[in-house]
J.: 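Dumping the structure here so I can ask a few things about it.
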2 protein chains.
Amino acid sequence: MNGDSVQVHVLRDDHPGRRLFSLLGNRWVCPVILALEGGPRRHSELRMMIGGVSQKMLTQTLRLLEEDGLVARTIIAGPRRRVDYELTPLGVSFGELHAVIYRWAVRHEPELARARAAYAAGARKEAK
Amino acid sequence: MNGDSVQVHVLRDDHPGRRLFSLLGNRWVCPVILALEGGPRRHSELRMMIGGVSQKMLTQTLRLLEEDGLVARTIIAGPRRRVDYELTPLGVSFGELHAVIYRWAVRHEPELARARAAYAAGARKEAK
DNA sequence: CAGTATCCGGCCGGATACTG
DNA sequence: CAGTATCCGGCCGGATACTG
């Protein structure tokens, strides 16, 4: 609630939210989280669910999420080895946060589109 | 609420939230928004408030926010020309969203730290 | 299948010099 | 002051080849 106390911390490079923000900005983090909301998935299943992701980027993203404890990786040994990925409770909570942001985006989409159109149309003329 | 409908859209490259997420991940967007929550500021004031930002990055970030209608740029002509930046109503709303994310980060910080420590300590050994 | 290992072009962001 | 214009190194992410 106190804007000042938030400001002091958030302006620093290592504040608690920094890593979270960069996680949110990551191209594949949100798609992966969403794909996992339906339950545990294997690497190959995820690749098919998420269009356009390369094998390297998918592995990299999964490691990142694993490191932050949002995703758990389980190896099931046997004649046909398999590897499952699933959301941890923390990952589920993160998914809810994601939904909040997404809803904000959807709600304000018209305003955002209008602003961009105005800017592109040359609102910058008078600024120049 | 319906996870499926969100999923369908968010997996695409051009969904409404995409741009917002990349905005949140931007290194300087949040610091600038926070610095502007105290009222209109000039370029040079912002540079001093936000440690470590270069002149180029500050200008670039302000243009980005201006383009999305989160920040308004006003030129006050006169013998001593000056340029003010301030949050639009949309920008203020965005700041509130930011606070929600920040609070999530603070609340879950202990869990995140624990997960990272466990990962670094070699939770990956058994995975290898 | 679920990765690791390389190569490699493109973009991002910092430093520096210059302008109305 | 509030920028624009360049240069330039480093990292990010895709493509490709190889492995247990």
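Here is how names work: the chains are called A, B, and so on, in the same order as the sequence lines, proteins then strands, and each is numbered from 1.
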J.: Rounding to an integer number of Å, can you tell me how far B:Asn26 CG sits from C:dC12 P?
T.: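 Computing the B:Asn26:CG to C:dC12:P distance gives 10 Å.
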J.: Out of the candidates A:Leu87, A:Asn26, A:Val29, only one should pair with A:Leu65 under the side-chain contact (heavy atoms from CB on, under 4.5 Å) rule; please name it.
T.: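 Exactly one option meets the side-chain contact (heavy atoms from CB on, under 4.5 Å) with A:Leu65, and it is A:Val29.
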J.: At how many degrees, to 10°, do the end axes of the helix from C:dC1-D:dG20 to C:dG20-D:dC1 meet when each uses five pairs?
T.: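 Answer rounded to 10°: the end axes differ by 40°.
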J.: Can you tell me the distance, in whole Å, between the CD1 atom of B:Ile76 and the P atom of D:dG3?
T.: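 In whole Å, D:dG3 P and B:Ile76 CD1 are 12 Å from each other.
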J.: Distance check needed: C:dG20 C1' versus B:Arg82 CZ, whole Å only.
T.: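 Checked: the CZ to C1' distance equals 19 Å.
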J.: Nearest whole Å is fine: how far is C:dC1 P from A:Arg47 CZ?
T.: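 In whole Å, C:dC1 P and A:Arg47 CZ are 9 Å from each other.
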J.: To the nearest angstrom, how far is A:Arg73 atom CZ from C:dC1 atom P?
T.: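 It works out to 15 Å between those atoms.
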J.: Give me the one residue out of A:Arg63, A:Gln55, A:Lys56 that meets side chain to side chain donor-acceptor pair (under 3.5 Å) with A:Thr59.
T.: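 Testing A:Thr59 for a side chain to side chain donor-acceptor pair (under 3.5 Å) against A:Arg63, A:Gln55, A:Lys56 leaves exactly one candidate, A:Gln55.
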J.: Counting only side-chain N and O atoms of B:Arg27, is one of them less than 4.0 Å from OP1 or OP2 of C:dC12?
T.: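 So the side chain of B:Arg27 is outside the cut-off, no N or O lying under 4.0 Å from OP1 or OP2 of C:dC12.
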J.: Figure out the CZ/P separation between B:Arg41 and D:dC1, and round it to whole Å.
T.: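 Spelled out: CZ on B:Arg41 to P on D:dC1 is 16 Å.
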J.: Could you say whether A:Asp84 or A:Lys56 is positioned toward the 5' end of DNA chain C, judged by the nucleotide with the nearest heavy atom to each?
T.: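 Counting from the 5' end, the first nearest nucleotide belongs to A:Asp84.
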J.: What is the distance, rounded to the nearest whole Å, between atom OH of B:Tyr85 and atom C1' of D:dC1?
T.: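 Going from OH in B:Tyr85 over to C1' in D:dC1 covers 11 Å.
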J.: C:dG13 phosphate, OP1 or OP2: any side-chain N/O from B:Ser54 under 4.0 angstrom?
T.: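 The answer is no; no side-chain N or O of B:Ser54 sits under 4.0 Å from OP1 or OP2.
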J.: A:Leu64 CG to C:dG3 C1': how many Å, rounded?
T.: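 Result: 17 Å.
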J.: Judged by each residue's nearest nucleotide on DNA chain C, which is more toward the 5′ side, A:Arg80 or A:Gln55?
T.: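 On the 5' side of the pair lies A:Arg80.
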J.: Who are the ring-ring contact (aromatic ring centres under 6.0 Å, His included) partners of A:His43, not counting sequence neighbours?
T.: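 A:His43 satisfies ring-ring contact (aromatic ring centres under 6.0 Å, His included) with no other residue.
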J.: Looking at B:Asp68 and A:Arg116, does any basic side-chain N land under 4.0 Å from a carboxylate oxygen?
T.: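 Answer for the salt bridge query: yes.
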